[in-house]
Amino acid sequence: MKDKVAIIGVGCTKFGDLFEQSYEDMVVDAAHAAFADAGIEADHIDAAWLGTYSPYGGHGKASVSLADALRLYGKPITRVENFCATGTDAFRNAAMAVASGMHDVVLVLGAEKLKNRPMRGLSSEGEHPYQTDGLTAPGIFAMAATRYLHQFNVGREALAKVAVKNHDNGSKNSKAHFQMQITEDQALKAPMVAWPFGLFDCCPTTDGAAAAILCRADMAKQFRDDYILLKGVGLAVTSGRPWFDASFDYVGFTATQSAAQAAYKMAGISDPAREIDLAEVHDCFTWTEITNYEDLGFCRKGEGAHFVMEGRSALGGDMPVNTSGGLKSFGHPIGASGVRMIYEVVTQLRGEAEARQIAKAELGLVHNLGGPGAVACVVVLGTA
């Protein structure tokens with residue numbers, strides 16, 4: 001698929017506590033922002049992919065929820081759900097349809113309404129043999145983080161460094177859920193959620209929607225000169241019950257490693273740390289960003305804490321990570337996050353990221369990690 005699919009338009013709502021907007025409102029805002037960015041109308045769309053996780057409202061968030069919101073009737077619409085990799089997997093499926101020649105111009109839209117719904121918080125992540133009521137996402141990732149901190153002799157200061165960095169980036173982003181800077185002291189002294197995660201180590205529950213318009217690369221110039229090309233994509237799925245896998249060491253995720261290698265192979269990348277200019281990675285928790293550095297090949301296993309402590313992943317570093325503010329500051333409406341991350345990388349590659357702009361960015365990466373580290377999707381995007 002390398003260089004066969006182009007992104008010609010992107011759109012994103014403000015993320016946050018959007019109590020004044022419905023699911024349909026957010027879908028319309030994101031889609032029409034992408035239509036305007038691409039210079040097209042809705043009737044140019046041949047097909048659409050909807051990424052959404054929550055089963056509540058909007059006809060169970062089936063494909064008709066997108067059709068009704070956009071009046072996009074009589075065309076194929078597919079709903080995708082794949083844990084936190086929902087948005088990037090929707091993008092992947094749309095890209096395959098374009099690359100195959102089945103469709104010329106398609107819409108990818110991720111949307112999630114998590115703040116007004118009939119249940120509190122997010123559901124538990126299946127059952128663990130030692131806790132019959134199931135574990136929450138902080139509980140699962142805290143187990144892995146605890147193992148990692150012990151094995152590599154890392155302190156919570158490294159986690160705080162991630163939180164401070166991503167809040168600083170988010171403070172420069174008008175669409176982010178949290179637009180505030182914090183200090184390392186605040187992060188370290190915040191109320192504990194699941195050790196070693198304090199309040200500022202966890203991404204927020206957020207509403208939001210994002211969209212992208214894809215087309216065949218050979219027709220992209222009809223719409224704009226600064227289109228962005230898909231260079232590589234990979235998806236990998238491992239066990240959803242890693243605690244039953246005796247080989248799982250809790251210090252990294254094989255799904256990310258496998259998805260990254262597939263994307264790098266397609267993109268022709270042999271040294272990601274040198275070739276990639278910026279990355280949006282899945283920082284559902286601060287430790288997750290650290291292990292993602294390693295699993296994505298930006299540094300060796302066990303060196304992620306040094307990577308962030310040395311400032312390498314900051315805006316001025318050699319590998320800026322989560323320039324948008326990441327899930328930590330931008331927010332994490334599950335189905336929308338992957339598409340929002342694509343929105344950020346496209347914005348960066350087009351030189352439109354304002355105060356958080358990375359100079360001369362030509363190649364960017366998007367990464368999502370879903371469930372208990374069971375599914376990962378990696379997308380590599382580049383300038384034409």
Side-chain angles (χ1 to χ4, degrees), residues 53 82-86 88 114 121-131 133-152 154-163 165-166 187-188 190-206 236-245 248-257 259 280-296 301-302 304-305 307-308 313 321-322 326-334 337-338 341 367-377:
Y53 174 84
N82 204 348
F83 281 121
C84 297
T86 291
T88 39
L114 296 178
L122 297 176
S123 60
S124 63
E125 299 283 355
E127 291 188 357
H128 185 275
Y130 303 119
Q131 185 174 341
D133 290 335
L135 284 175
T136 62
I140 286 180
F141 280 85
M143 288 195 299
T146 300
R147 179 67 217 175
Y148 182 98
L149 298 187
H150 171 76
Q151 181 163 327
F152 297 113
V154 173
R156 292 187 64 236
E157 293 78 11
L159 308 185
K161 196 76 171 180
V162 173
K165 172 183 71 72
N166 290 353
L188 291 169
M192 193 58 61
V193 175
W195 202 94
F197 298 145
L199 182 65
F200 288 112
D201 292 303
C202 308
C203 69
T205 301
T206 303
V237 177
T238 61
S239 173
R241 297 173 177 174
W243 40 81
F244 292 139
D245 179 0
F248 183 58
D249 59 12
Y250 281 85
V251 297
F253 298 99
T254 56
T256 293
Q257 297 162 17
E280 286 285 304
V281 310
H282 201 86
D283 61 321
C284 47
F285 304 97
T286 50
W287 167 76
T288 319
E289 177 169 322
I290 289 173
T291 199
N292 289 337
Y293 300 154
E294 302 163 358
D295 291 339
L296 292 166
K301 182 56 65 179
F307 194 85
V308 68
S313 57
V321 174
N322 288 332
L327 277 59
K328 178 68 206 69
S329 183
F330 206 107
H332 185 26
I334 298 173
S337 286
M341 296 160 88
H367 160 259
N368 281 132
L369 179 69
V375 56
C377 190

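Bear in mind that the values here come from a model prediction, so they are computed numbers and not experimental data.
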Exactly one candidate in Thr288, Val162, Asn166, Asn322 meets side chain to side chain contact (heavy atoms under 4.5 Å, CB included) with Lys328; the answer is Asn166
Nearest heavy-atom neighbours spanning [X] and [Y]:
X	Y	answer
Pro333	Thr206	CB-O, 3.4 Å
Cys202	Gly198	SG-O, 3.5 Å
Ala142	Pro196	O-CD, 3.9 Å
Phe200	Ala190	CD1-CB, 3.6 Å
Cys203	Leu327	CB-O, 3.4 Å
Cys377	Ala85	CB-CB, 4.3 Å

With rounding to the nearest 0.5 angstrom, report the CG to CZ distance, Asn292 to Phe253. 8.0 Å
Rounded to the nearest 0.5 angstrom, the CZ-CD distance for Phe330 and Glu280 is 8.5 Å
Result for side-chain hydrogen bond (donor to acceptor under 3.5 Å, both in side chains) between Glu289 and one of His282, Lys165, Lys161 points to Lys165
Partner residues of Asp283 under the salt bridge (Lys or Arg N to Asp or Glu O under 4.0 Å) criterion, sequence neighbours left out: none
For side-chain contact (heavy atoms from CB on, under 4.5 Å), just list the numbers for His332 and Leu114, CA-CA rounded to whole Å, side-chain angles, deciding distance to a tenth of an Å, and then say yes or no. CA-CA 9 Å; His332 185 26; Leu114 296 178; over 6 Å; no
4.5 Å side-chain heavy-atom contact, [X] and [Y]:
X	Y	result
Leu296	Glu294	no
Asp295	Lys301	yes
Trp287	Asp201	no

Given 3.5 Å as the limit, does a donor-acceptor pair link the side chain of Arg147 with the main chain of Asp249, or not? no
Any side-chain donor near an acceptor of the partner, Thr88 and Asn368, under 3.5 Å: yes
Just checking, is any N or O donor in the side chain of Tyr293 or Ser313 under 3.5 Å from an acceptor N or O on the other one? yes
Apply side-chain contact (heavy atoms from CB on, under 4.5 Å) to the pair Phe307 and Ile290, showing each step before the final yes or no. CA-CA 8 Å; Phe307 194 85; Ile290 289 173; over 6 Å; no
Between Phe141 and the options Trp195, Phe197, Phe285, Tyr250, the ring pair (Phe, Tyr, Trp, His ring centres under 6.0 Å) test singles out Phe285
